[in-house]
Amino acid sequence: MTDSPHFTLRLVLGLADPDTADALAARQYPEVLALLSDRFGLPEEMVEELLGADAAQMRAALTIDPEEWLLGAAELGDPAVGRALWSAKFRNDAGQRWRAVHKIPGLLAAVLDAADLGDPRWHDDDGLLPLLYQVSKGPDLVPVLTSGFPGLTAGTLVGCAAFLPPPVVVDACLHLLETWGGTEPFAKALALLEEKPDLDLGHPWLPDLLRRALDAPDPAALLREHRPGGQWEDPAHLYALIALRYGSIASVTPQKPDGLDWNLLWREHERLPISRRGMYRGRVWPNTLTQWEGCPTEVVKDAFHADPDAATRTVAELPFEVLTEPCDREVSLDLLLGRGIPEGWFPIDRVLTELSPAPEVLRALPYDHEPTRKALAALLAPLGTDPVNWLTCYAALRRATGTVAELIADVLTPGPRKKRYTSWPQPRKAPASGVRSQGARAAFLGLFRCASQEAQTAVVPHFDAMAVQQFLRECGPSPAVRDAVVAAHGLPAPLMMTGGRLDAGTLEYLLDLDEPAVDVALFRRYDLPRPERERILAGRLRGGGFRPVSEDLLAELDKVIVNQDRDWLTAGAASGDLQVVRRVLERLRLYIPATRLRLLVAVWERGGPDAVREVLALDRLPVTLRRQTEKLLDAPDGLEQLRARLDREADPDRIAAFLAKPGGRPEKRLAQLLGEGVEPPWAALVAVHRATPLPADLVEELVELPGCPGELLRAGLGSLSGRWGDWNSWIEPALKDGTLALDDLLIRAAPAELAYGFLLRCLEERHFEESWTTDEDWRRLRERTAALAREHLGTDAEGWAVCLQLLPTFAGTLSELLATAGAMTRMSV
């Protein structure tokens, strides 16, 4: 969350009318100056001097394009400003990544064009020119080489020539010739090359050209003859090339500039590969050039062979040949096909008919890609519904070396000596905990999931136990195929399903089976809904009726760690099963009176008064409750009386009063209620809150719960904590579903500083990008904020200033803050 007073001040100045904003800017002059210094990346005293210490101009500068303003400052020709601009960093209004000012296109040229280089301040040790003399490589070469900088030296030329295209090297030579008024720099460059014979200049022709220029009557004309026109004349093209060569870890690959010819890039890559080892501190960099659409195939292949995984993740496109040509580096086929097939690089038909070996291809195919599934299904169609074909296919997969198409053709080709399989080859048992398919099994299951439903139904009865388990867990079969598996393999099949990831439909299917062993397995799952846990512990069948709770389920209940999964035990409180209730009462204490009564009623309904006596004999319930219940056990209407007491204790108003009663820790009482499976009585809580506001600690917990009504959510806005997590956990979801409105942040959220931070996030940084908000929403919120501010503060700059002063410590809402600031200002008049 943005909590910078700079952003606060900027928004306030934007909400006030222009005259009031100008007056407020004068009133808050130091803060406005600091804001502009932060915005433009220049010292406060320099910003003040450039703007003439005029508050109105300063306020106007808050809305100007930073690049435009900085270019204007560059054109002043001031040595101090020029030096500051070279080192400054600025950011745009949305507070995004900082950018170096001197990389603004044309900025350094503007500085030097306006400079009087006869002024010694440009040449001082802390001046701009000594800094430019030191630039011999890296992205900073672009502004230096394209600015008309007069300080280019023979040493700079020798040091940076290898990284520049030939036409740019010729331009540098012409620049040296013009700057120094003669060919002396060429002689110095040749001398440097003689001193360093092993230096790779990158341009073998350059020394000879410099020697010829030394003797030529018109060196400039000679150089221009070697400078082809229309190449590397746009500074943006040169900047993109150098940025690719000198990219840093945090840099973003620049977009390919308009008009930059791929032939020029290709020639430059052939001269000095743009992707190479050791370009930066010994690191191996992926070829960022390949991220541009239209990159030559040879360049892409070079990058792929240098680092296949990195290239697969970053390139704009890969040619099909990378799948079939040998590569010295290990290649992740999963990654390669997982991106390449959906993006259309590798036609699936070619993959199935040209790429081998088949097992690796099948394991790597993106089966969530519909065209892939359709193509594979068409290839498999000739196998039909004959299990022998499919079992023989699985057996062949374990030794297949050809393509997928060749594998299928081989299975279908008759042969006198070819073995045909009528049962699963080398069957294996299913591991108790399950194991993901690998090798030929993974390849076969990938292939089999694309088979027709008729083929799957015919073949699954012939699976071994491990194949059944992996097919059910990994392949998501249709209900008809799933039923065929269960019909063929019996109870072990649904038990295998319980250990994997379950979608809602599969969970419903398993619960509908009403199988004791399946229910026990599901009980172990953390994602089992509480109502189902309660039903299973009660022995209540989905199809109607009851059954005794099994010993296996009781054993699972005994394994429950109370401090970790207490609600698993409390789910059995109302089961009515004496063995379950005994374990619940022996292992934990029930806090809610309604839960205790519900337990007794369920036991009585299930086992009669004698079962209730056994429960009371455990001595785990309050004495008063035991005595009152004992009196009812022999009464003809005892059960009805007990139910009536339960109704009174479970009354929503009574539970709401229990939560809201003064003293103690209401959040602890809420935790007890939820832990025993009792939902908050929302309507009753709202009624209590209207009469007497609920404790803030309780509201803070309630707003985090699903289903919390808007009235309580708005109450929660009145006591926000300083954590941005409040926004993510309940405020943003409530805004999404319409339970809260954006206006609520303005008129109900407190304290004011935190509420203001939320609004800054909305209005300045546009935190929300989802479709549930529109530009019209933001426009209305901004207008509402401005109207409310003008209503209370009017055109009195003093009132606006008081508002800013109160903001950090004001405990109320923003609307209350505005009203208070307005009242204080009027009282002081």
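In this chain, residues are counted from 1 in sequence order.
For Thr739, the side chain to side chain donor-acceptor pair (under 3.5 Å) partners are Asp737, not counting sequence neighbours.
Looking at heavy atoms from C-beta onward, Met824 lies in side-chain contact with Thr820 at the 4.5 angstrom threshold. The side-chain heavy atoms of Lys256 and Trp262, taken from C-beta on, include a pair separated by under 4.5 Å. Side-chain contact between Arg748 and Glu816: absent, with no pair of heavy atoms (C-beta onward) separated by less than 4.5 Å. Residues Val168 and Glu268 form no side-chain contact, since every pair of their non-hydrogen atoms from C-beta on lies 4.5 Å or further apart. In this structure, Gln28 and Trp800 have side chains that are not in contact, with every pair of non-hydrogen atoms separated by 4.5 Å or more. The shortest distance between side-chain heavy atoms of Leu35 and Phe40 does not fall below 4.5 Å. Using a 4.5 Å heavy-atom threshold, the side chains of Val170 and Pro167 count as separate. Two residues are said to be in side-chain contact when any heavy atoms from C-beta on lie closer than 4.5 Å; Asp19 and Thr795 fail this criterion.
For residues 63-82, every residue pair satisfying the salt bridge (Lys or Arg N to Asp or Glu O under 4.0 Å) rule, not counting sequence neighbours, is listed here: Glu67-Arg99.
Under a cut-off of 6.0 angstrom, the local environment of CD in Glu270 is crowded, with over 12 non-hydrogen atoms contributed by other residues, nucleotides or ligands. Surrounding CD of Glu178 are at most 12 heavy atoms belonging to other residues, nucleotides or ligands under 6.0 Å away.
Atom-to-atom distance recorded for Leu806:CG and Glu753:CD is 12.0 Å, nearest 0.5 angstrom. Note: Glu317 CD to Glu293 CD = 7.0 Å, rounded to the nearest 0.5 Å. Rounded to the nearest 0.5 Å, atoms OG (Ser815) and CG (Leu745) are 11.5 Å apart. If you take CZ on Arg27 and CG on Asp22, they are separated by 15.5 Å, rounding to the nearest 0.5 Å. Rounded to the nearest 0.5 angstrom, Leu36 CG and Glu31 CD are separated by 12.0 Å. Note that CZ of Arg271 and CG of Leu164 are 7.5 Å apart. Values are rounded to the nearest 0.5 Å.
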Show the numbers, then the answer: is there a salt bridge (charged side-chain N to carboxylate O under 4.0 Å, His left out) between Asp126 and Arg83? CA-CA 8 Å; Asp126 59 350; Arg83 172 63 179 83; over 6 Å; no

Chi angles and distances behind the salt bridge (charged side-chain N to carboxylate O under 4.0 Å, His left out) call for Asp17, Arg790: CA-CA 8 Å; Asp17 64 80; Arg790 289 193 294 268; over 6 Å; no

Between Trp292 and Leu265, is the side-chain contact (heavy atoms from CB on, under 4.5 Å) condition met? List the steps. CA-CA 11 Å; Trp292 288 349; Leu265 286 167; 3.7 Å; yes

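Minimum heavy-atom separation, Ala752 to Leu817: CB-CD2, 4.1 Å. Residues Phe90 and Arg39 come closest through the heavy atom pair CB-O, 3.5 Å. Minimum heavy-atom separation, Leu50 to Trp69: CD1-CH2, 3.6 Å. Nearest approach of Ala161 to Leu206, heavy atoms of both residues: CB-CD2, 4.4 Å.
Between the side chains of Asp309 and Thr312, no donor-acceptor pair is found at a separation under 3.5 Å.
For the pair Ser87 (side chain) and Ala84 (backbone), a donor-acceptor distance under 3.5 Å is absent. At distances below 3.5 Å, not a single donor-acceptor pair connects side-chain atoms of Thr813 with backbone N or O atoms of Ala750.
Relative ring orientation between His237 and Trp232 is described as perpendicular, the plane-to-plane angle rising above 60° on a 0-90° scale split at 30° and 60°.
When each of Asp125, Asp124, Asp119 is checked for a salt bridge (charged side-chain N to carboxylate O under 4.0 Å, His left out) with Arg121, only Asp119 meets the rule.
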